[in-house]
Structures are given as C-alpha cells and as structure tokens.
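This report concerns only the one structure given below.
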Amino acid sequence: MSRIAEAFADGPAFVPYLAAGDPNYEASLSYVEALERGGADVIELGLPFSEPIAEGPTIQSAIVRALEGGMTPTRFFEFVEDLDVDVPLVCMTYYNLIYQFGEGEEKGPEAFVRRAAEVGIEGFVVPDLPAEEAAPLREACDAHDCELVFIVAPTTRGERLERIMSQVSGYVYVQARLGTTGARADLSDQTDESLARIAEWDVPKAVGFGISSGDHAQRVIEAGADGVIVGSALVDIVAKGVERGDPPVTVASRLESKARELKEGALRGAAGSNEQPHPERT
Amino acid sequence: MSSHTGKFGEYGGQYVPEALMPAIEELEDAYQRYVLENEDGFMDDFRARLADFGGRPTPLQHAKRLSERYDRDVYLKREDLLHGGAHKLNNALGQVLLAKYMGKERIIAETGAGQHGTATAMACAHLGMPCEVYMGRRDINRQRPNVFRMRLNGAEVNPVTVGRGTLKEAISETMRDWATNVEDTHYVIGSVVGPHPFPAMVRDFQRVISEEAREQIREKAGRLPDSVLTCAGGGSNTMGVFAEFIPDDDVDLYAVEAGGSSLEVDEEAGVAPNSATLSTGTEGVLHGSRTRVLQDRDGQIMESHSVSAGLDYAGVGPELADLVDRGRVTAVNVDDDHALEGFHRLSQLEGVIPALESAHAAAYVEENHEDLGEVILLNISGRGDKDLETVLEETHGRDIENAPEIETFAETGGFQ
Ligand SMILES: Cc1ncc(COP(=O)(O)O)c(C=O)c1O
C-alpha cells in the first residue's frame with residue numbers, strides 16, 4: 001500500500017495545501033512543518049505557475065508572492081529536500097512547468113516525475129490537465145511509483161467519470177463547488193451530489209474548494225468523504241501575516257492551530273458518521 | 001490538421017480545469033452541428049447578420065499611392081470598415097449567436113485592445129444577451145475610447161489588476177469566471193487561441209475575410225496575389241485572411257508580429273520586450289492549448305510588450321504555430337518605431353488611419369516590398385481611432401521620421 005493510501009486508511013485524512021515559497025523560502029519551510037504538527041496526514045505543496053487559472057484570488061496572490069520570492073521548479077525540489085516532515089507530499093502544479101522541466105531529449109513529464117520522486121514527492125495534482133491529455137504524465141507516474149490525483153467537478157458526469165476513474169490513483173479530489181479555489185462560509189449541495197456520483201469508486205475521496213473551518217471539515221466527512229483538502233483558509237493566514245508584518249513563528253503557530261481545528265473537525269465527522277451512517281444535512 | 005481532433009501537428013488540445021471540460025465538449029458538439037453542418041440554418045443566419053448588421057462584404061481597395069511608391073500593386077482588405085472598426089466582429093457575432101442557439105444566458109469575454117470587447121458588447125446588444133468583459137488595468141488606460149463604447153452598449157467592464165494588467169491576465173481571469181458560471185455562461189474567446197474547439201471555430205468565423213478577398217482580388221487583379229500579409233497577435237485575423245489561400249501554394253503568407261522594442265529577452269525579469277511569439281517563442285501550454293509561447297527556461301509565462309495592445313500577448317494560435325513550423329506561413333516581425341512609421345504612412349498616403357496592430361503589417365511591406373511579388377494583399381485588420389491617444393504619446397516621445405507636426409497637440413494635453 002502506498003503511503004498516501006495508508007494515510008487515508010487510518011481514518012479521515014486532513015490534506016492541507018500551501019504554496020511553496022510563500023512568502024519566502026525559509027518562512028515557508030516552517031509553515032509546512034507547522035501543518036504536520038497540527039495533524040496533516042498528506043500535504044499538498046503548490047509549485048507556483050505564473051497563470052494559475054484554477055485558483056481564486058487568495059491562492060493566486062500566494063503564487064505571486066512565492067514567484068517574487070524566487071521560487072522555481074529547481075528551488076521547489078530543494079525546498080522539498082529541506083523540509084523536515086514525515087507525511088506524504090503531493091505536488092500541485094500546472095502542466096507547462098512539468099512539460100518544460102529538464103534539458104533536451106530528457107525534457108518533460110518523465111524528467112519532472114523522476115526528480116520529484118527523488119526528493120520524496122509521492123503524488124501529483126495538475127488542475128489544467130484533464131484525463132484526455134494525461135497519458136505522458138500517467139506513464140511517468142507509473143514508472144516512478146507515484147500517484148496521479150484527478151479532480152472530479154460538480155459538472156463531471158457520464159463518460160467523463162469513467163475516464164477519470166480509470167486513471168485516478170492515490171485519492172480523487174472532489175471539487176466541492178463550481179468555480180476556483182477560495183474559502184467560503186458555507187458548503188454546497190454540489191458536494192453531496194458529487195460524492196454520490198462516485199460512491200462506488202475504489203479510491204479515497206477527498207473534498208476540497210471552499211472548506212475553511214472545523215465545522216466544514218466535520219460536515220464533509222459526515223457526508224461520506226474520506227478526507228478534506230484545505231488551501232485558501234490556510235493561505236489566508238500566511239497573507240494576513242505578510243500584511244501585518246508578523247514574525248514567521250507567530251504565523252507558524254497560527255497555522256498549526258488552524259490545522260488542528262480542521263483535523264479535529266474531520267475526526268468529529270468520522271465519529272459522527274459511525275453512529276449515524278446517513279446523516280441528514282440541514 | 002483536423003478540426004475534429006483539435007490537434008494541429010503537435011499543437012492544440014484541451015488543457016483546462018475539469019470543471020470546464022463538459023462545457024467544452026458541449027461547445028464541440030455545437031460547433032460541429034451549427035457551424036460545420038449548418039443545423040437550423042445557423043450559418044445562413046450568421047452570414048445574413050454579418051451583412052446587415054456588420055456591413056460585409058468589406059471592400060478590397062487598390063491602394064494607388066502605395067502601389068506607385070513600391071512599383072507594384074498593393075491591395076488593402078478593409079476590415080477596418082467592418083462595424084466596430086475591426087475584424088473582431090466576425091468572431092464575436094458568430095460566438096454570441098452560437099451561444100444563443102445553445103441556450104446560454106450570459107456572455108463573458110476578455111479583451112486586450114478593447115476591439116474584441118467592443119465587438120462582443122455590440123453583438124450582445126444586437127442579440128439581447130448580458131455581457132461582462134474583463135480587461136487589464138493597463139489596457140483600460142491605453143484604450144479608453146473602447147472602454148466607453150463597451151459601456152454604451154450595456155456591457156460591464158471588469159478591470160484586472162494582477163500582473164502587468166494586460167491581455168494574458170485578462171484571459172486567466174475570464175477562465176476563472178467561466179469555471180464558476182460554466183452552466184449558463186459562454187466565454188467568447190477573442191482569437192484563435194484557447195482549448196479546442198476555439199482555435200478551429202474562431203478561424204471558421206474569421207474565414208469570411210479570405211473568402212471575400214480571394215474573390216475580390218481575382219476580380220480586380222485578374223489573378224491571385226503573390227503574397228498576403230497581416231499582423232498576428234493571437235492570430236485570428238491572420239488565420240481569417242490566410243484560410244482560403246492555404247491550398248494556393250504560389251501565394252506566400254506572412255504573419256507580422258510585434259517586435260516591440262527588442263527581440264532580446266530579459267530572462268531574469270521574466271520580461272520579453274516584444275510579442276513575437278512565432279519568431280522567438282517556444283513550445284508550451286498556455287490558456288488551454290499547446291502552442292508557441294513566450295516563456296522562461298522554467299516554463300513561467302513572460303510578460304510581453306507591444307506598442308499595440310492587441311498584439312501584446314505571450315501566446316499564439318496553435319494552427320498558426322503549426323503552419324509556421326511546416327513552412328507554409330512565414331513569421332516576421334516589426335518593431336514599435338517602424339509600426340508607428342507605418343501608421344503615419346498609411347494615414348498620409350491613403351487616408352486610411354490603421355489600427356497600430358495593422359500598421360505592423362504595413363510597415364513590413366515598406367521595408368520588404370521587393371521580395372513580396374507583383375501583387376500584394378495587405379489586410380487592414382482594424383482602424384486606428386482607438387489608438388489616437390497612444391499614437392500621440394508614443395510619437396511625441398520618440399523620433400519617428402515621417403510623423404506630422406504634433407508638438408502643439410501633445411503640449412495641450414492631447415485629448416483630455
Ligand atoms: C485591429 C486589431 N488587429 C489585430 C489584432 C490582433 O488579434 P488577432 O491576431 O487575433 O487578429 C487585434 C486584437 O485586439 C486588433 O484589435
């Protein structure tokens with residue numbers, strides 16, 4: 001069993017996201033490490049791309065900060081090597097960076113995945129790479145024992161679901177609502193409908209897009225998810241720190257307690273759904 | 001090369017978030033049925049509206065003074081005379097009408113020079129569709145008349161402030177809106193870029209330029225041209241004026257890009273001081289398709305530059321990129337200074353004030369007419385009214401040989 005699969009097998013998984021290098025290399029290392037202390041089971045690390053078309057304003061700004069701080073694919077892999085965490089890491093990025101990585105004949109998905117696997121990355125999420133275009137990356141992932149996570153959107157139906165099911169590994173990223181990433185105050189019915197459509201899939205289901213509190217996390221797990229993915233709510237904490245000029249240790253401890261809140265919410269959700277397999281949502 | 005697979009050689013494809021894929025499949029289906037198979041008489045409806053509302057066909061003008069100057073025949077395809085003042089209406093009207101046939105309720109678009117936004121706003125007013133246009137902050141400042149025109153037609157203009165605030169950022173922002181509202185909204189992409197089926201579909205809406213031009217030049221010159229030239233930003237007027245000439249092996253096709261202030265790239269700053277994607281770009285994936293892009297070694301997209309907002313884009317249509325690779329189209333470029341010269345020359349010699357975009361192609365003819373054969377077809381993609389403020393500022397600020405005396409104008413604060 002892969003380490004990512006194990007992370008999900010042990011109960012509801014809390015999967016936080018941060019953009020690597022936001023707002024700078026050193027601070028970002030401590031932020032990612034704080035997430036693990038707060039209870040992260042898998043961490044999604046964003047490798048910043050200049051045109052992040054799937055991201056909302058919060059993560060887009062984080063990406064701009066990280067790029068301005070000098071983050072590049074090469075630095076990203078050093079960053080992963082420098083990280084002191086034990087949980088499995090998933091790289092979240094856009095296809096052009098994967099496609100351009102390496103030199104000459106070696107350039108492309110193979111080179112990228114090989115290097116990523118070398119530094120300890122165990123999976124990938126590439127939001128602008130639909131299943132139709134994913135064959136080269138899928139092959140590279142198979143060759144290096146990495147997982148390739150796909151997103152199922154509220155609009156995904158029929159044949160597209162089949163196509164994704166046949167390619168996905170690690171976990172399936174269930175997009176909680178239409179739109180881009182960003183913390184929201186409520187959860188949508190789209191989540192339940194999306195989860196219902198893939199209920200039979202033999203792969204852990206992690207819900208993301210808009211989850212911002214322990215209560216959200218609890219409800220998502222109660223609705224049948226195996227994990228929660230949280231990005232913008234955490235990136236917001238980094239952004240506020242930058243805005244106010246707070247020292248990185250303060251920001252790191254805020255991240256740690258937010259992570260703990262989210263993880264505990266997920267655990268409550270699991271406890272709740274054991275007693276009550278089909279909870280009514282209000 | 002096929003519109004069915006969405007691939008042009010190595011280029012093309014569909015690189016978009018999963019949430020958009022069903023909408024893109026729905027659009028593929030609509031393109032096939034309505035555009036390619038004329039279901040419900042869609043294409044007849046489209047052509048009738050292009051004539052009555054748009055003012056097609058646009059003339060092919062024999063440019064007498066330019067012809068004398070170069071000692072060969074120069075013909076101008078006058079897309080500047082299309083309603084709205086640029087070729088953009090061909091595509092905008094086609095897509096808004098298609099969206100209507102598809103039962104969509106809302107239109108969004110991005111715009112660089114404002115020409116596509118204007119055309120989309122006009123088509124929406126004409127067809128009774130609500131319309132929102134995303135435009136970079138910087139482009140809003142340099143294309144104010146077009147912003148006002150969009151407002152007059154009832155469109156919302158949403159400023160985009162990220163990055164340098166030009167077309168590339170506006171496209172990303174529009175994709176985000178689309179991903180949020182995909183179920184009832186159609187995104188009218190402004191050029192032959194983006195995921196399949198956009199590059200093929202936009203080309204087919206723009207094809208009318210070469211359908212007319214081919215007939216018209218046969219009538220006027222009694223033969224096909226030796227060369228066809230036009231400017232290339234994303235490449236929609238380019239593909240439009242080339243499309244029907246592609247099988248004519250004896251007709252040379254030139255895509256004239258914006259050379260900006262230099263072809264040298266500042267890798268460190270991630271800035272290309274030009275928008276010459278075909279001439280200097282490399283293969284990559286941007287805004288939904290694999291194509292040539294301006295990018296650094298890591299694959300980060302570079303900020304581009306051109307004195308003309310409509311050419312200021314780091315990507316280019318995948319089909320055009322493939323035609324250049326295959327040697328069917330020659331990619332060349334003209335820098336900002338020469339484009340300004342071209343602008344003034346066409347204004348003075350022919351009484352045609354061209355868009356700064358089109359002025360690039362005119363400038364290329366000035367420098368290279370000896371290599372372009374006896375009969376030259378020069379596409380004027382749009383008129384220059386939107387650019388007057390920019391031309392005033394840029395001409396005043398530098399040494400443009402053939403510029404008229406504009407000192408007093410500049411010193412009184414231009415048009416403010
Ligand atoms: C007048 C004019 N010409 C050319 C262009 C470039 O676009 P394309 O290369 O898609 O024709 C624009 C874009 O705004 C334009 O307004």
Side-chain angles (χ1 to χ4, degrees), chain A residues 47-57 60-61 63-64 67-68 71-76 93-103 107 112 126-134 150-161 163-164 173-175 177-182 190 209, chain B residues 5-7 12-26 160-164 168-185 194-196 268-270 282-291 293-303 314-315:
Chain A
L47 161 55
F49 176 52
S50 58
E51 322 300 313
I53 55 175
E55 317 296 348
Q60 189 187 14
S61 305
I63 284 171
V64 170
L67 287 172
E68 281 171 357
M71 189 43 77
T72 64
T74 308
R75 281 293 270 166
F76 176 82
T93 194
Y94 287 75
Y95 194 55
N96 199 44
L97 297 189
I98 296 175
Y99 190 66
Q100 301 302 332
F101 189 78
E103 299 286 335
K107 201 165 140 165
F112 185 87
V126 188
D128 66 341
L129 189 70
E132 285 77 358
E133 309 281 359
F150 282 91
I151 297 174
V152 166
T155 47
T156 313
R157 304 263 148 78
E159 261 177 52
R160 296 204 53 75
L161 281 172
R163 213 170 294 151
I164 294 170
Y173 189 142
V174 181
Q175 185 179 328
R177 60 177 66 244
L178 278 177
T180 52
T181 55
Q190 291 175 340
F209 273 49
Chain B
T5 61
K7 293 272 157 71
Q14 298 173 317
Y15 296 84
V16 293
E18 173 56 31
L20 292 178
M21 285 301 291
I24 282 174
E25 287 178 346
E26 187 189 342
V160 177
T161 52
V162 276
R164 242 172 89 259
K168 147 173 113 59
E169 289 84 13
I171 293 183
S172 295
E173 204 56 39
T174 318
M175 289 205 161
R176 293 192 181 97
D177 180 317
W178 200 25
T180 310
N181 302 295
V182 60
E183 287 168 317
D184 65 355
T185 298
H196 175 66
E268 193 68 18
T282 52
E283 195 183 338
V285 175
L286 174 63
H287 292 143
S289 67
R290 186 191 294 195
T291 184
V293 297
L294 297 174
Q295 58 187 331
D296 69 13
R297 221 162 282 141
D298 289 331
Q300 304 291 2
I301 306 305
M302 288 206 226
E303 297 295 346

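None of these values were measured; they are calculated from a predicted model. Lettering of chains follows the sequences in order, A, B, ..., and the numbering in each one begins at 1.
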Indicate the atoms forming the closest heavy-atom contact of B:G299 with A:F49, along with that distance.
-> O-CE1, 3.2 Å

With a 4.5 angstrom heavy-atom cut-off, which part of A:I98 approaches chain B: side chain, backbone, both or neither?
-> neither

When only pairs under 4.5 Å are counted, which of A:G158, A:P57, A:P73 shares the most heavy-atom pairs with chain B?
-> A:P73

Where on A:R75 is there a heavy atom nearer than 4.5 Å to chain B: the side chain, the backbone, both, or neither?
-> neither

For A:E132 and B:Q14, does a side-chain donor sit closer than 3.5 Å to a side-chain acceptor?
-> no

What distance do B:N181 atom CG and A:L178 atom CG have between them, rounded to the nearest 0.5 Å?
-> 8.0 Å

With chain B, which of A:P130, A:G56, A:P154 has the greatest number of heavy-atom pairs at distances under 4.5 Å?
-> A:P130

Could you look at A:F101 and say if it's the side chain, the backbone, both or neither that has a heavy atom under 4.5 Å from chain B?
-> neither

Under 6.0 Å from the CZ atom of B:R297, do we count more than 12 heavy atoms belonging to anything else shown?
-> no

Answer whether the closest heavy-atom distance between the side chains of A:T156 and B:M21 falls below 4.5 Å.
-> no

Any chance you could measure A:S50, atom OG, to B:L286, atom CG, to the nearest 0.5 Å?
-> 8.0 Å

Taking C-beta and beyond as the side chain, do A:Q60 and B:E173 meet within less than 4.5 Å on heavy atoms?
-> yes

If you measure from CD1 on A:I53 to CE on B:M175, what distance do you get to the nearest 0.5 Å?
-> 5.0 Å

Any idea which heavy atoms bring A:R160 and B:E25 closest together, and the distance?
-> NH1-OE2, 3.1 Å

Salt-bridge test for A:E133 and B:K7: reply yes if a basic N is under 4.0 Å from a carboxylate O, no otherwise.
-> yes

Counting distance only, does the side-chain N/O of A:Q100 pair as donor-acceptor with the main-chain N or O of B:E283 below 3.5 Å?
-> yes

Rounded to the nearest 0.5 Å, the CD1 atom of B:I301 sits from the CG atom of A:N96 at a distance of 5.0 Å

Distance-minimising heavy-atom pair for A:Y99 and B:R290 | OH-NH1, 3.1 Å

Side-chain contact, heavy-atom cut-off 4.5 Å: A:Y173 with B:E18?
-> no

Which pair of non-hydrogen atoms, one from A:A153 and one from B:A19, has the smallest distance, and what is that distance?
-> CB-CA, 3.5 Å

Mind checking the CD-CD spacing from A:E51 to B:E169? Nearest 0.5 Å is all I need.
-> 6.5 Å

Does any heavy atom of chain B fall under 4.5 Å from the side chain of A:P127, the backbone, both, or neither of them?
-> backbone

Portion of A:P52 that has a non-hydrogen atom of chain B nearer than 4.5 angstrom | both

